[in-house]
Amino acid sequence: MSTHFHIDMTLSLEHSIAFAFLSISVLAVSAVGQVPPMSIEHDVTVDSELSDRFTWRDSSNQPRVAVLAHNDIAPFNNSRGGALRQFKYQTPVGTRTANVTNYGNGGYAGFGYVVSHSSYPGAPGACIGMDDSPLGYQFAGTWVRVFEGRHHAIFRFTQNYQRYCPPDQVRTIPVTMDWILSTGRDNPVYAITWNVDQAGPNAPEGTFNDDSRAPYGELNIDGDGGTALDGVAWGDRYKFTTTTSPVLLNSDWTYNVVNTIPYVKEWINGPLEMVTNKKDATMGLVQTQTMSQQDAGGGRNPDYHDIHVLWNTTSATGNGYADCAYKMPCQNEWAYQADADSLDMGNNNARLTWGTQFGFIGPHTYNANDGTGAMPPGYPKKSYSVYVVLGTHTSLPVEAQVTQVETIQSLTLFTMTGSVVTTGPAGVTRPDNVTYAPAGYNHVYGALAFNASSNQLDANIAVGAGTLTKPLIIVGNYTAANPQILLNSVLLTADVDYFASLRPAANELWFTLNGNLTGANNRLVISQPGSPAAPTGLSTSTINSGRIDLNWNAVGGATYQVDRKSPGGDYVQIAAPGTNSLSDTAGLNPNSAYIYRVRAVTMTGTSLNSSPRLGTTVLFTNNPIVAGLVVRAYDLAETRTAVNAVRVLAGLGSLGFTDVPAVGLSIKGIHVTELRDALDAARMPLGLSTGGYTDGPPLNGFVVNALHFQELRDRVK
């Protein structure tokens with residue numbers, strides 16, 4: 001990471017920004033390391049449609065372009081429902097333009113408009129009699145430039161989507177769609193909310209029994225679109241993949257790998273053509289949540305061509321549709337439509353849609369038909385978010401995005417200053433909140449969410465599995481300018497190591513971290529330039545069962561504030577010493593653990609907290625345990641007491657261990673392994689580092705030495 005720091009946010013206020021932008025037929029790459037701001041052009045005409053054009057740098061510092069059409073023109077008069085009309089990205093041989101098609105139902109409309117189907121015959125009392133699925137691009141609506149920052153943008157479309165309900169009248173459902181674009185990230189987020197409870201006229205709960213197919217549409221995914229698709233894949237509870245090409249109604253397939261994150265993709269095989277930049281292309285959608293958190297695709301319809309019966313099968317063993325005379329699942333009931341309805345028309349085109357169960361919109365509850373027995377609500381509002389993914393097929397961008405959402409599920413976020421956001425709006429423009437899962441994950445925008453305290457944040461992002469790449473982070477309660485950001489004590493450089501946007505209207509700081517995170521210890525610190533540095537070198541020493549001494553490195557011209565966290569409580573300031581030391585004797589209990597932190601106070605402000613430091617009132621007979629010292633049963637017992645004290649402090653409670661310490665007990669590897677695991681489980685929620693032990697993991701048969709026990713002692717004080 002760079003150790004230089006500079007940031008210029010003079011253009012990052014939430015207002016309309018119109019940058020001059022020359023021809024983008026060839027997209028220039030910026031200077032190495034330096035990433036320019038997002039370019040936002042208002043009211044440009046692309047493919048005959050008035051649009052806004054966004055140009056940003058992706059995870060490889062390569063330019064990408066998204067053109068989003070306005071949709072405020074009269075119905076059926078070149079209105080395109082706020083769709084994505086053009087998308088540009090770099091391939092190894094040049095710039096690829098995925099633009100509108102000129103074939104099929106909905107050609108020229110682009111991608112991202114609203115479509116919904118009515119169930120036939122429908123639920124009792126619901127609108128029945130036809131599969132009414134008008135294309136949303138045919139209806140006018142409104143668009144709003146919600147947020148235009150230095151490196152991030154939110155562009156919103158709203159419209160009243162028409163639902164024809166025989167025998168009485170046309171009804172409309174208000175729909176809101178947000179496109180979220182971020183420097184440093186490849187794939188826009190598409191977030192949608194169906195305001196079913198605001199439908200009208202006279203459309204109470206149970207009026208509709210519909211699905212959602214938004215986002216819906218077509219793009220020439222390799223810049224041509226005339227090439228037949230070579231493959232289609234999707235994931236609901238299982239992964240479906242065609243295994244012969246091109247895609248035909250009699251293509252072979254597998255559907256027998258368990259899946260967690262809903263997705264759909266289609267592709268054209270390579271090799272990539274060097275001159276025309278054709279072939280080797282893919283397009284897909286990936287949900288920001290697991291299927292258990294938000295069902296998608298799935299069995300589609302338990303009463304008609306139920307695709308659920310094909311789960312965990314292949315085309316060689318599982319096609320039980322007696323009324324569908326081909327190998328592929330029945331066209332009407334693919335989990336996600338993709339190009340299903342085009343196969344018998346000779347088009348085989350790159351149509352792509354999301355998909356939900358019938359009943360997703362309208363009834364009190366509906367059958368998720370996903371093998372779990374779940375009956376989620378279809379009223380009053382329904383929301384979800386998906387990544388819109390385009391790239392070369394060989395680079396597997398859909399799979400990479402699926403992996404990222406899986407990695408998100410392994411995160412544990414905690415803070416020393418500020419807080420983790422644990423609840424938030426259930427969807428765009430919704431007034432109701434849901435609990436984030438995991439805590440701190442804003443699934444609506446695909447971002448990690450924290451709240452600052454006095455415009456400061458000291459947080460840790462623990463990655464339980466895999467690698468978290470280029471995360472988007474939103475910090476609320478932020479009202480300052482020009483942040484100073486450190487990752488693992490390294491000062492980051494704006495527009496190089498991170499890409500920040502101020503959002504004053506929402507009191508938020510948005511930034512994309514230009515780096516990857518792994519493991520349990522990724523400390524992220526946000527402070528203000530001019531504030532004193534946080535004290536370093538905090539240490540604790542146990543003097544007796546009622547006294548712990550603290551020392552830390554001095555900060556020039558500073559006095560200090562010392563906080564202590566006791567078992568069952570939060571941090572409380574216990575002293576304000578004028579020097580860099582303190583003897584704590586205030587209410588300490590024997591055989592207990594405490595955690596301390598220190599802040600520096602100067603004329604220019606207050607620093608962030610120091611790194612936290614444990615202290616215990618456990619008295620060790622042999623301290624330190626030096627090389628050559630024989631570890632005895634009482635050393636094991638004392639260390640267990642200290643580790644359990646830390647666990648009580650972390651709210652985990654004491655733990656039982658293998659073997660009762662007694663004279664003559666042989667100290668084994670399993671004893672050390674248990675202590676390490678028990679201690680690390682407590683240190684993580686306390687904001688302390690984990691792992692990093694010598695010789696690990698020691699198991700039965702491992703020779704235990706004094707160093708193994710001294711490392712444990714060092715971590716409990």
- [ ] Can you measure from CZ (F111) to CD (Q86) and round to the nearest 0.5 angstrom?
- [x] 16.0 Å

- [ ] Taking all heavy atoms of Y336 and all of G355, pick out the closest pair and write down the distance.
- [x] CD2-N, 3.4 Å

Open item on the list: Within the structure provided, determine whether N442 and Y436 are in side-chain contact (heavy-atom separation under 4.5 Å).
Closed with: yes

TODO: May I have the step-by-step check of side chain to side chain donor-acceptor pair (under 3.5 Å) for T95 and Q90, ending in yes or no?
DONE: CA-CA 5 Å; T95 301; Q90 300 303 296; 3.0 Å; yes

- [ ] Apply side-chain contact (heavy atoms from CB on, under 4.5 Å) to the pair L492 and L513, showing each step before the final yes or no.
- [x] CA-CA 10 Å; L492 305 185; L513 192 63; 3.7 Å; yes

TODO: Measure the NZ-OG1 distance between K382 and T356 for me, rounded to the nearest 0.5 Å.
DONE: 8.0 Å

Task: Minimum-distance pair of heavy atoms, taken over all atoms of T193 and G427 - done: OG1-C, 3.7 Å

- [ ] Please report the closest heavy-atom contact between S245 and N269, naming both atoms and the distance.
- [x] OG-ND2, 4.0 Å

Task: Minimum heavy-atom distance A520-A462, with the two atoms named - done: O-CB, 3.4 Å

TODO: With the side chain counted from C-beta on, respond yes when N256 and T317 share a heavy-atom pair under 4.5 Å apart, and no when they do not.
DONE: no

TODO: Could you tell me whether the side chain of D280 and the main chain of T394 form a donor-acceptor pair under 3.5 Å?
DONE: yes

Open item on the list: We want to know whether Q404 and T469 form a side-chain donor-acceptor pair, criterion being a heavy-atom distance below 3.5 angstrom.
Closed with: yes

Open item on the list: Checking the side chain of T467 only, and the main-chain atoms of T518 only, is there a donor and an acceptor separated by less than 3.5 Å?
Closed with: no

Task: Flag for N369-D306: side-chain donor and acceptor within less than 3.5 Å - done: yes

Task: Spacing of N259 atom CG and T290 atom OG1 [to the nearest 0.5 Å] - done: 10.0 Å

Open item on the list: Between Q287 and Q293, is there a side-chain heavy-atom distance shorter than 4.5 Å?
Closed with: no

Task: Pairing residues for R185 by the salt bridge (charged side-chain N to carboxylate O under 4.0 Å, His left out) criterion, not counting sequence neighbours - done: none

TODO: Measure the shortest side-chain to side-chain distance between Q337 and V115 over non-hydrogen atoms and say whether it is less than 4.5 angstrom.
DONE: no

Task: Contact summary for V114 and Y161, nearest pair of heavy atoms - done: O-CE1, 3.6 Å

Open item on the list: Between N99 (side chain only) and L219 (backbone N and O only), is there a donor and an acceptor less than 3.5 Å apart?
Closed with: no

- [ ] For the pair K279 (side chain) and I268 (backbone), establish whether a donor and an acceptor sit closer than 3.5 Å, ignoring hydrogens and angles.
- [x] no

Task: Approximate separation, where rounding is to 0.5 Å, of E49 CD and H70 NE2 - done: 10.5 Å

Task: Y89 and R64: CA distance, side-chain angles, deciding distance, side chain to side chain donor-acceptor pair (under 3.5 Å) verdict - done: CA-CA 5 Å; Y89 64 93; R64 294 198 172 214; over 6 Å; no

- [ ] Answer yes or no: is there a side-chain heavy-atom contact under 4.5 Å between I154 and Y445?
- [x] yes

Open item on the list: Going by the rule side chain to side chain contact (heavy atoms under 4.5 Å, CB included), which residues pair with P92 if we only count those two or more places apart in sequence or in a different chain?
Closed with: L272, T392

- [ ] Determine yes or no for a side-chain-to-main-chain donor-acceptor pair under 3.5 angstrom, with N220 supplying the side chain and A98 the backbone.
- [x] no

Open item on the list: Between N514 and V496 (side chain of the first, backbone of the second, donor and acceptor by atom type, cut-off under 3.5 Å), is there such a pair?
Closed with: yes

Open item on the list: Just so I know, are the side chains of Y384 and S212 near enough to count as touching, which here means a heavy-atom distance under 4.5 Å?
Closed with: yes

Task: Heavy-atom pair of closest approach, residues P215 and G112 - done: CB-CA, 3.6 Å

- [ ] Report yes or no: does T314 contribute a side-chain atom to a donor-acceptor pair with the main-chain N or O of W253 at less than 3.5 Å?
- [x] no

Task: H443 side chain reached by Q294 side chain, heavy atoms, under 4.5 Å - done: no

TODO: Hey, can you tell me if F511 and Y498 have their rings parallel, tilted or perpendicular (30° and 60° cut-offs)?
DONE: perpendicular

TODO: Please determine if D495 and R150 form a salt bridge, counting it only when a charged side-chain N lies under 4.0 Å from a carboxylate O.
DONE: yes

TODO: Give a yes or no on whether the backbone of F499 and the side-chain of T183 come within a donor-acceptor separation of less than 3.5 Å.
DONE: no

TODO: Apply the test side-chain contact (heavy atoms from CB on, under 4.5 Å) to residues N516 and K470: give CA-CA distance (whole Å), side-chain angles for both, the deciding distance (0.1 Å), then the verdict.
DONE: CA-CA 6 Å; N516 302 333; K470 309 294 177 71; 4.2 Å; yes

Open item on the list: Pair L517, L487 - check side-chain contact (heavy atoms from CB on, under 4.5 Å), show working.
Closed with: CA-CA 10 Å; L517 305 180; L487 179 63; 4.0 Å; yes

- [ ] Check the angle between the aromatic planes of F240 and Y255 and answer parallel, tilted or perpendicular using the 30° and 60° thresholds.
- [x] perpendicular

Task: Ring geometry between W234 and W334 (parallel below 30°, tilted from 30 to 60°, perpendicular above 60°) - done: tilted

- [ ] Look only at the side chain of S39 and the backbone of T55, and say whether a donor-acceptor pair between them is shorter than 3.5 Å.
- [x] no

Task: Side chain to side chain, M177 and Y190, heavy atoms closer than 4.5 Å - done: yes

Open item on the list: I'd like to know if D178 and R156 make a salt bridge, using a cut-off of under 4.0 Å between side-chain N and carboxylate O.
Closed with: yes

TODO: Give, for atom OG of S133 and atom NE2 of H117, the distance between the pair rounded to the nearest 0.5 Å.
DONE: 4.0 Å

Task: Check against side-chain contact (heavy atoms from CB on, under 4.5 Å), I473 and L524 - done: CA-CA 11 Å; I473 300 171; L524 181 69; 3.8 Å; yes

Task: Gap between atom CG of L390 and atom NZ of K88 - 0.5 Å precision - done: 14.0 Å

Task: Side-chain donor/acceptor of T288 to backbone N/O of V405, under 3.5 Å - done: no

Open item on the list: The test is side chain to side chain donor-acceptor pair (under 3.5 Å); show your working for D186 and S59 and say whether it passes.
Closed with: CA-CA 6 Å; D186 297 345; S59 61; 2.9 Å; yes

Task: Whether Y137 and Y113 hold their rings parallel, tilted or perpendicular, with breakpoints at 30° and 60° - done: perpendicular

Task: Verdict with reasoning, D370 to T372, per side chain to side chain donor-acceptor pair (under 3.5 Å) - done: CA-CA 6 Å; D370 65 353; T372 67; 2.6 Å; yes

Open item on the list: Parallel, tilted or perpendicular, judged at 30° and 60°: which one describes the rings of F155 and F157?
Closed with: perpendicular

